[in-house]
Amino acid sequence: MPETDQETLTVIYTNDLHSHFGAMGRIAGMIDEQRGIPDTSLLLLDIGDHMDRAAPETEGTLGQANVDILNLTGYDAITVGNNEGLTFTPDLLAQAYAGLLCPVVCGNLRDLATGELPKWAKEHLVLRRGGFTIGLVGATASYPDFYKLLGVEALDPRITVAASVKRLRPQVDLVIVMSHLGLPMDKELAESISGIDLIIGGHTHHLLDEPLWVGNTAITAAGKFGQYLGRIVFRKSSAAAGRPVMVEGHCLPVREGAANERIEKAISIHKLGAKRRLDRTVAVNDRPLPIGYTEESPFGNLLAQAVRRYTGADLAIVNSGQLLMDLPAGEISEGMLHERCPSPINPCRMRLKGKDILYSLEQSLLDETANKAVYGYGFRGKVLGGICVDGMEIRYEAEAEPFHKIIEARVQGIPVEPDKDYLVGTLDMFTFGIGYERLKNGTGTEYMLPDFLRDLLRMELQTTGAVETCFLPRWKKSAN
């Protein structure tokens, strides 16, 4: 449709949808209503983590379902979240974005080999809506150690955002930063970089129903999972050469009601296609593998075996909460492993003191620890769960006082020494102090991307004798 020189600009945005496809049709319906408001131009943006491989629609289509919904909804630009940038390899993300109809604005990622922006990315973007010339700047949370393993360099977003704002400010009426950086970084950008009119945020799942003002910069975000739709309205200033004025800013609850039928139909089609792909058999299991969260179980042991084998460590420490249900006997499909282990979590290897291992094992024997709800850093389980090990045997007294339950722990038959370093295979989430917090004390950590835990489970199920071994007990109750 032809642009008109309108006096009002409405910015509609989403952030951190995390593949909640059930909300996307309703969101599209609300956006359709906003497009129907007379005498205003509309700019539609997504601030990252639209994709989440915990959702079967995303996993089974490798992000194509998300791209289709972005196209059908009519987004004008998006930026990249860590769920896009880190859970997809660069090649897979390039394949997904090859069909995207709108630009991806993200200025702080570079190809490690060439130093160039990814082919799908723009450092910044100038576009016109109605009577407004708008400069868009994008940045994503920088996890340099993780990105490096994927062949990507993650630059300091403070530097790239400042450079883009400086370049765009003289050319545009509005500078909008699409920030998948988190609220603390958004505040820092607003305080340190002049010339930003609006920062639309994400990553930390914060909801700002009304904009937070830092100097002349407004900061906003619409929570998580498609529960809200962000809306900001600008009008042209009556003052000569004055910047547009924000006259409205709030988040609209995404309500039950009329959804966009095209979006709903597309989601249904992708769901069927994803199911067909995930129904492929990857292993055959001759017996069921139960999972337990407060006691040792074969499925938890299998996961620990898989991590130890993959990392080549002396021992492995994982949490049973990664596994959401038992694994049955019979044919095992990709979808069954995805359903039971949906978290986009990677293995890692580190050197860890015996005293930190022993402390974590003691923690595992506390029901309040095993049943603790945990959120973030890729974890998609319900509770933390107890520790599952491989390469270790633990003898304990269940009725003893907390942190005095373990009688002895052995690694390959030798008692654990508190001050000795052990090569431990474990999970990346623990290195951030999530759950078993003493596991973050490891040194020389080596992250292993791009394989997820469900990939390791598939390999372990395909290994001769692995299922039999997972029934061998590691935790042994003392008879006393």
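Only a predicted model underlies this, so the values are computations on that prediction, with no experimental measurement involved. Both backbone and side-chain heavy atoms feed into the values below; hydrogens, waters and symmetry mates do not.
- In this structure, the separation between OG on Ser268 and CD1 on Ile263 is 11.5 Å, given to the nearest 0.5 Å.
- The existence of a salt bridge linking Arg380 and Asp52 is confirmed by a sub-4.0 Å separation between a basic side-chain nitrogen and an acidic carboxylate oxygen.
- Judged by the 6.0 Å and 45° rule, Lys440 forms no cation-pi pair with Phe432.
- We find that Glu334 and Arg280 are joined by a salt bridge, their nearest charged nitrogen and carboxylate oxygen being less than 4.0 Å apart.
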Take Ile200 and Val177 through the test side-chain contact (heavy atoms from CB on, under 4.5 Å) and record every step on the way to the result. CA-CA 6 Å; Ile200 306 177; Val177 175; over 6 Å; no

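- Stacking of Arg340 on the aromatic ring of Phe299 is not recorded, the 6.0 Å distance cut-off and the 45° axial limit not both being met.
- Note that CG of Leu181 and CD of Glu188 are 10.0 Å apart. Values are rounded to the nearest 0.5 Å.
- Comment: Arg243 engages Asp197 in a salt bridge, judged by a side-chain N to carboxylate O separation of less than 4.0 angstrom.
- Salt bridge annotation for Arg458-Asp455: present, with a cationic side-chain nitrogen under 4.0 angstrom from a carboxylate oxygen.
- Taking the charged nitrogens against the carboxylate oxygens, Arg454 and Glu59 do have a contact shorter than 4.0 Å, which makes a salt bridge.
- Aromatic pair His205/Phe225: ring centres closer than 6.0 Å.
- Applying side-chain hydrogen bond (donor to acceptor under 3.5 Å, both in side chains) to His180 and the options Asn15, Asp49, Asp46 leaves one that passes, Asp49.
- Of the charged side-chain nitrogens involved, at least one lies within less than 4.0 Å of a carboxylate oxygen, so that Glu33 and Arg255 count as a salt-bridged pair.
- Results of the side-chain hydrogen bond (donor to acceptor under 3.5 Å, both in side chains) test with Tyr447 over Asp145, Thr431, Asp428, Asn346 single out Thr431 as the only residue that passes.
- With rounding to the nearest 0.5 angstrom, the NZ atom of Lys265 is 10.0 Å from the CD atom of Glu261.
- The pair Lys148-Glu153 does not meet the salt-bridge criterion, since no charged nitrogen lies less than 4.0 angstrom from a carboxylate oxygen.
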